[in-house]
Amino acid sequence: MFFGTSNDQIGEITTAELEAKMKTNDNAVFIDVREVDEYEDKHVAGMTNIPLSRLASEYTQLPKDKEIVIFCRSGNRSMQAANFLYEQGYTKVTNVSGGILSWDGPVVTK
């Protein structure tokens with residue numbers, strides 16, 4: 001269903017750039033595509049959880065006029081999600097490389 005290949009039309013940022021963007025960009029939507037149990041165990045405040053397994057049925061709730069910044073555990077699932085959204089007509093899609101494994105900022109835990 002989803003493909004993990006890179007797409008030249010999809011931007012990519014580091015987790016440090018994500019942290020800065022979350023503080024300064026009110027016009028972006030931040031999505032964590034890890035599964036619910038992963039998200040609940042540890043997540044970045046300000047991220048909305050839409051698991052990759054449900055993205056195909058829930059993506060229409062995402063606005064097409066805002067940047068969609070996608071995050072996961074390592075950057076693989078988020079790239080799959082970014083490619084999927086791009087194929088659905090979302091043109092402002094950014095993948096976070098490294099995911100939560102590279103995140104040095106604060107997290108919300110159980």
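A donor-acceptor contact under 3.5 angstrom links the side chains of Glu35 and Ser53, judged on distance only. For the residue pair Glu12/Thr94, the side-chain donor-acceptor check at 3.5 Å is not satisfied.
The CD atom of Gln80 sits 12.0 Å away from atom CG of Leu85, with the distance rounded to the nearest 0.5 Å. To the nearest 0.5 Å, the span separating OG1 on Thr48 from CD on Glu58 amounts to 11.0 Å.
If you chain together ILVMFWY residues whose side-chain heavy atoms come under 4.5 Å of each other, Val44 ends up grouped with Ile13, Leu18, Met22, Phe30, Tyr39, Met47, Val69, Phe71, Val96, Ile100, Trp103, Val107.
Phe84 places a side-chain heavy atom less than 4.5 Å from the side chain of Gln88. Between Ser102 and Arg73, every side-chain heavy-atom pair lies at or beyond the 4.5 Å cut-off. Residues Leu62 and Ile50 form a side-chain contact, since some pair of their non-hydrogen atoms from C-beta on lies under 4.5 Å apart. Arg54 places a side-chain heavy atom less than 4.5 Å from the side chain of Val36.
Looking at Asn95, its side chain does come within 3.5 Å of a backbone N or O of Met79 through a donor-acceptor pair. For Glu17 (side chain) and Thr14 (main-chain N/O), a donor-acceptor pair under 3.5 Å exists by modelled atom type.
For the residue pair Asp32 and Asn49, the shortest heavy atom distance occurs at O-ND2, 3.0 Å. Across Tyr90 and Ile68, no two heavy atoms sit closer than the pair CD2-CG1, 4.2 Å. Considering every non-hydrogen atom in both Ser78 and Cys72, the closest pair reads N-SG, 3.3 Å. A pairwise comparison of heavy atoms in Leu101 and Ser74 identifies CD1-CB, 4.0 Å as the closest pair. The two residues Leu55 and Ala81 have their closest heavy-atom pair at CD2-CB, 3.5 Å.
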### Task
Output, in order, the C-alpha distance, side-chain angles, deciding distance and verdict of side-chain contact (heavy atoms from CB on, under 4.5 Å) for Glu38 and His43.
CA-CA 8 Å; Glu38 294 174 279; His43 66 271; over 6 Å; no
### Query
Can you check side-chain contact (heavy atoms from CB on, under 4.5 Å) on Thr109 and Asp41, steps first, answer last?
CA-CA 6 Å; Thr109 57; Asp41 188 48; over 6 Å; no
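Heavy-atom contacts from other residues, nucleotides or ligands closer than 6.0 Å to NZ of Lys64 number more than 12.
Residue pairs meeting the salt bridge (Lys or Arg N to Asp or Glu O under 4.0 Å) criterion with at least one member in residues 90-110: none, sequence neighbours excluded.
The pair Arg34-Glu40 does not meet the salt-bridge criterion, since no charged nitrogen lies less than 4.0 angstrom from a carboxylate oxygen.
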